[in-house]
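All ligand and atom numbering here is 1-based and tracks the order in the structure.
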Amino acid sequence: MVNSRNGRRDLSAKLRSLPSVDRVLSESALVDALDRWPRPHVVDAVRSELDVARSLLVNGREAPSAPAELAELAERMLRGRLQPSLRHVINATGVVIHTNLGRAPVSDAASLAMSEASTGYTNLEFDLEQGSRGSRANHLESLLQAVTGAESGIAVNNNAAALYLVISGHCAGREVIVSRGQALEIGGGFRIPDVLRQAGATLVEVGTTNRTRPADYAEAVTDNTAAILRVHSSNFRIVGFAEEPSLAQLRHVANDADTLLIDDVGSGCLLDTRDFGLTYEPRPQDSVDADADLVLFSGDKLLGGPQGGLIIGNQEWVDPLRTHPLMRALRLDKAAIAGLAATLQHYLAGEAIDAIPIWRMINMEASELQVRAQQWQAALAGGQVEASESPIGGGSLPAETRPTFVWSLEHPHPLDAARSLRDSETPIVARVERERLILDPRTVLPGEDHDVITALHEIVGGVS
Ligand SMILES: *Cc1c(COP(=O)(O)O)cnc(C)c1O
């Protein structure tokens, strides 16, 4: 009792000792701030810091109470608000398509096209020949046709939107047959069954998690079946006793049942991954060849462009989607259209491997990466160069890796070292494994080496 009363008295004394807002505002640390920012912003920052200090004290913790200290904190908060929250970071994880780090970095040409489309006016929905209203769909359609061989193509915000639009447009109020092994979660809570339900379709699951045969689909067909949906398992792999029908087999079932065949291939991989020593990743053009009615894929995975969702296929099924009410809500932004167009042009020009950053990275040989890691080691006079693996990652090629060489450092507190790299002026994201700090040069862009070496200097210096 006595203790708790003393404690309360103690607390109220501490709370009373916090300075007033005006007292903090008079500190020199905030003189410049008051010149630069409207007064209410500065007052607001000081109030916030005082609130933080108060709640720390209430929770029995230490809190800053000197006016100068609180003024410093408020000033730092104000400066922080002017810093962009979304920043360039250096990806030293070796994961090529890193979903948390913004997936694919785009090519120089795509970046320029996106910037030009954003800073000036564009012919987004204007027909320059006729001088009258045009369609935003035109900018990607012929490229999608040329690159994939599909009759028709449109673009929406991402592949999730593509699936939602296709199901809403063609399957609402009806049944969609999906293999149990494909009723999956892509990540971030995006689950195929939920999307189908949201889009108004009824999911009919067939087969088992590891085995589904063509007959399972055929037996599930009813008068109310709208489509057979195939979903590429882009972020996991079932190994061993597993079987899924080929697209050709599904085409037969769909023909017999007179239903749509929809193929969500996921990563939008237009190149043959077997040429890079990886397993085959389904290509949109192969699904078009196998006569899928609609093929869906992302723009920012293995396509290597900005965020987008592409829907290609037969005109009969693509065209009604153009005028679907949801299209207006899901349509792609002009910068993304410009970036996707520039990216698709790299494929048409046969220069994808050299021009598109993710393909350049995937294509790098271990020997080149060894040289780069050795250069880091030499510049730092520290760390080791070891053989390792770079995952492709991010909803594509599950469990697939490319051989690499990494720079690594045995460190007493590797997690602290990784945190200090993230604190660099350009934050660097590294891996920590086996008590080691590990940086893979595969995903460090040319031109970022200097920043990496500068940041690592301090860490190497701190250990030795
Ligand atoms: C990644 C992925 C999606 C979602 O694509 P977003 O572009 O992220 O919306 C849908 N289906 C499959 C098979 C995927 O791999």
Side-chain angles (χ1 to χ4, degrees), residues 95-106 110 140 144 153-168 171 176 178-199 201 203 212 227-238 244 247 250 261-270 273 278-284 286-287 292 294-313 321 326-327 329-333 335-337 339-340 343-344 358 391-400:
V95 181
V96 177
I97 312 283
H98 199 306
T99 297
N100 300 150
L101 302 183
R103 290 197 183 156
V106 302
L140 286 172
L144 285 170
I154 51 173
V156 290
N157 262 314
N158 53 24
N159 196 16
L163 185 61
Y164 185 53
L165 177 62
V166 162
I167 300 298
S168 302
C171 311
V176 176
V178 182
S179 162
R180 278 215 168 75
Q182 297 176 6
L184 45 95
E185 172 167 331
I186 304 294
F190 177 77
R191 293 180 165 172
I192 297 296
D194 296 340
V195 178
L196 297 196
R197 208 170 302 124
Q198 273 296 320
L203 167 71
T212 306
I228 290 173
L229 169 65
R230 187 173 82 147
V231 183
H232 178 50
S233 54
S234 19
N235 52 6
F236 69 97
R237 178 173 297 159
I238 297 178
E244 293 282 356
L247 207 53
L250 291 181
L261 178 58
I262 302 168
D263 193 17
D264 176 2
V265 291
S267 73
C269 179
L270 291 164
T273 42
L278 300 165
T279 55
Y280 171 76
E281 173 81 359
R283 297 186 302 173
D286 297 340
S287 300
L294 290 164
V295 182
L296 325 179
F297 50 99
S298 294
D300 53 353
K301 292 182 180 172
L302 287 172
L303 191 80
Q307 183 185 311
L310 291 313
I311 304 171
I312 59 171
L321 301 175
L326 269 177
M327 186 63 195
L330 304 178
R331 69 185 190 180
L332 197 55
D333 156 70
I337 291 175
L340 277 173
T343 306
L344 290 170
I358 57 142
I392 306 301
S396 61
L397 290 160
E400 283 288 299

Could an N or O of ligand 1 be found under 3.5 Å from any N or O of Ala160, whether backbone or side chain?
yes
Considering the heavy atoms of Arg103, write down every atom of ligand 1 situated less than 4.0 Å from one of them.
6 (P), 7 (O), 8 (O)
Quick check against the 3.5 Å criterion: does Glu400 have a side-chain atom that pairs as donor or acceptor with the backbone of Thr279?
yes
Kindly indicate whether the side chain of Leu229, heavy atoms from C-beta on, has any atom under 4.5 Å from the side chain of Leu163.
yes
Under 4.0 Å, heavy-atom basis, I'd like to know which part of Gln307 is in contact with ligand 1: side chain, backbone, both or neither.
neither
Ala104 to Ile358 - nearest heavy-atom pair and separation:
CB-CG2, 3.9 Å
Quick note on ligand 1: atoms under 4.0 Å from a heavy atom of His232 include exactly 13 (C)
For ligand 1, which atoms, with element, lie under 4.0 Å from some heavy atom of Lys301?
1 (C), 2 (C), 3 (C), 14 (C), 15 (O)
Look at the side chain of Ser179 and the backbone N and O of Gly181, then say whether any donor-acceptor pair between them is shorter than 3.5 Å.
yes
Asp194 meets the side-chain contact (heavy atoms from CB on, under 4.5 Å) criterion, sequence neighbours left out, with Arg191, Arg197
Report yes if some N/O of Asn159 lies less than 3.5 Å from some N/O of ligand 1; otherwise report no.
yes
Ligand 1 to Ser298 polar contact by distance, N or O atoms, under 3.5 Å
yes
Test log, rule side-chain hydrogen bond (donor to acceptor under 3.5 Å, both in side chains), inputs Gln182 and His232
CA-CA 7 Å; Gln182 297 176 6; His232 178 50; over 6 Å; no
With atoms numbered from 1 as shown, which atoms in ligand 1 lie under 4.0 angstrom from a non-hydrogen atom of Asn158?
6 (P), 7 (O), 9 (O)
